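It should be emphasised that the depicted structure is a prediction, and the values quoted were computed from it without experimental measurement.
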Amino acid sequence: MEAQNINAKINYNKLLDVLFESWIESYDEKDRERFCHDGLMRKNSSELDVNELWHNAKRRVMFILKDCPDGWGYDTRDLLQQQDVNELRHGKFFSNLAKLFYGILRNQADDRWNDKRVDADMQNVIKAWQTEPFAFIEAKKLAGDKNVSKQEMEIALKRDESFLKKELDILKPNIIVCCGAD
C-alpha cells in the first residue's frame, strides 16, 4: 500500500517535460519552435489531478495523433482549457475522439454499444471527456500542415523512435489508439 501512494505522486507531465528538453535540443535550432508538447490532457477543473487519475485508472487510454496541424508548436495538453474543445463544440475530430474514448471506458463484454447508443448518451460522453484521464501523443513532434504524407510520418517516426519509446515508458498506457489512415 505504501508503494502505491508513492507512485500516485508521480507527475507524468513533468517527467515528459524533462524528456522534451533533450528531444527539442535534438532538432535544428530553426525547427525547435515547431515542437509540440503532449502527454496527459490537463482538465479544465483545478480539482482534478490528472496524475492521480491516470495512476489509478483501469484503462489508461492514449491517442497517437499524426501531428499538430497548425504549423507552429504548442502544448496539446492544454487543449481542454479551450471551452469549445472541452464542451465538444470544436468540430467532428474531438467529438469523434471523445465518443471513442467513452466507448473504450464504458465497454464491457456483455455490452452492445453502437454509434446511436453513444450519440444518445452525449451527456456522459462529455462528462468522461472532461473528467477521465487520457493522453494525446503527437507521433510527429514538429507541427506541420493539415496533411502529412506517409513518407513524412515514416521519417519522423524513425528519427524519433527512441524518444517516442521513452514517452511510452513514462506514461505506461494500457490502451493505445492510433489515429490516421496508415
Q) Are E161 and K165 close enough for a salt bridge, meaning some N to O gap below 4.0 Å? A) yes
Q.
Walk me through whether E87 and Q130 qualify under side-chain contact (heavy atoms from CB on, under 4.5 Å).
A. CA-CA 8 Å; E87 295 175 0; Q130 294 173 343; 4.0 Å; yes
(Q) Measuring from atom SG of C179 to atom CG of N96, what distance do you get when rounded to the nearest 0.5 angstrom? (A) 10.0 Å
Q) Do the rings of F134 and F101 sit parallel, tilted or perpendicular, given the 30° and 60° boundaries? A) tilted
Q.
Show the nearest heavy-atom pair for residues S95 and M122, with the distance to one decimal.
A. OG-CE, 4.3 Å
(Q) So that I can tick it off, tell me whether D160 and K140 are bridged by a salt bridge, with the cut-off set at under 4.0 angstrom between side-chain N and carboxylate O. (A) no
(Q) For the backbone of L40 and the side chain of N13, can you confirm whether one donor and one acceptor N or O come within less than 3.5 Å of each other? (A) yes
Q. What class does the angle between the rings of W23 and F35 fall in, given that below 30° is parallel, 30 to 60° is tilted and above 60° is perpendicular?
A. perpendicular
Q) More than 12 heavy atoms of other residues, nucleotides or ligands under 6.0 Å from CD of E33: is that the case? A) no
Q | Quiz item: cation-pi between K166 and F163, 6.0 Å / 45° | A | yes
Q.
Can you tell whether the side chains of E132 and K43 come within less than 4.0 Å, N to carboxylate O?
A. no
Q. Taking all non-hydrogen atoms of both residues, which atom of A143 and which atom of G73 are closest, and how far apart?
A. CB-N, 4.0 Å
Q | Step-by-step side-chain contact (heavy atoms from CB on, under 4.5 Å) determination, K172 to I10 | A | CA-CA 12 Å; K172 294 178 179 44; I10 293 172; over 6 Å; no
**Q.** Contact check, side chains of H55 and K9, non-hydrogen atoms, under 4.5 Å
**A.** no
Q: Taking the side chain as every heavy atom from C-beta outward, state whether N44 and Q81 have any atom pair closer than 4.5 Å.
A: yes
**Q.** Residue pair Y102 / I104, side-chain heavy-atom distance below 4.5 Å
**A.** no
Q.
Does any part of the side chain of L168, heavy atoms only, come nearer than 4.5 Å to the side chain of P173, both counted from C-beta?
A. yes
Q) Looking at side-chain heavy atoms only, is the closest gap between R32 and E29 below 4.5 Å? A) yes
**Q.** Carboxylate-amine/guanidinium proximity below 4.0 Å for R42 and D75
**A.** yes
Q: Find the distance between NZ (K158) and CD (E154) and round it off to the nearest 0.5 Å.
A: 8.0 Å
Q. Step by step, would you call I137 with L171 a side-chain contact (heavy atoms from CB on, under 4.5 Å)?
A. CA-CA 10 Å; I137 301 302; L171 290 171; 3.7 Å; yes
(Q) Please say yes or no: joined through hydrophobic side-chain contacts below 4.5 Å, possibly via intermediate residues, are V148 and I155 part of one cluster? (A) no
**Q.** For the student: nearest non-hydrogen atoms of A139 and L164, plus distance
**A.** O-CD1, 3.9 Å
(Q) Do V125 and L53 sit in one hydrophobic cluster, given that two such residues count as connected whenever their side-chain heavy atoms are within less than 4.5 Å of each other, even indirectly? (A) no
Q: Answer with yes or no whether the hydrophobic clustering places L48 together with F136; edges join I, L, V, M, F, W, Y residues whose side-chain heavy atoms lie under 4.5 Å apart.
A: no
Q. Roughly how far, to the nearest 0.5 Å, is CH2 of W129 from CG of N124?
A. 15.5 Å
Q: Can you measure from CD1 (I126) to CG (L88) and round to the nearest 0.5 angstrom?
A: 5.0 Å
Q: State, with a plain yes or no, whether a side-chain heavy atom of E167 is found less than 4.5 Å away from one of K141.
A: yes
Q. Between CG of D38 and CZ of F20, what distance do you get to the nearest 0.5 Å?
A. 4.5 Å
Q | Test item: V85 and M41 side chains (from C-beta on) under 4.5 Å apart, heavy atoms | A | no
(Q) According to disulfide (SG to SG under 2.5 Å), does anything in residues 12-47 pair up with another residue at least two apart or in another chain? List the pairs. (A) C36-C68
Q) Which distance, rounded to the nearest 0.5 Å, do you find between the CG of L80 and the OG of S45? A) 11.5 Å
Q.
Per the disulfide (SG to SG under 2.5 Å) rule, what does the pair list look like for residues 140-177, sequence neighbours excluded?
A. none
Q) With a 4.5 Å heavy-atom cut-off, do L97 and L65 have their side chains touching? A) yes
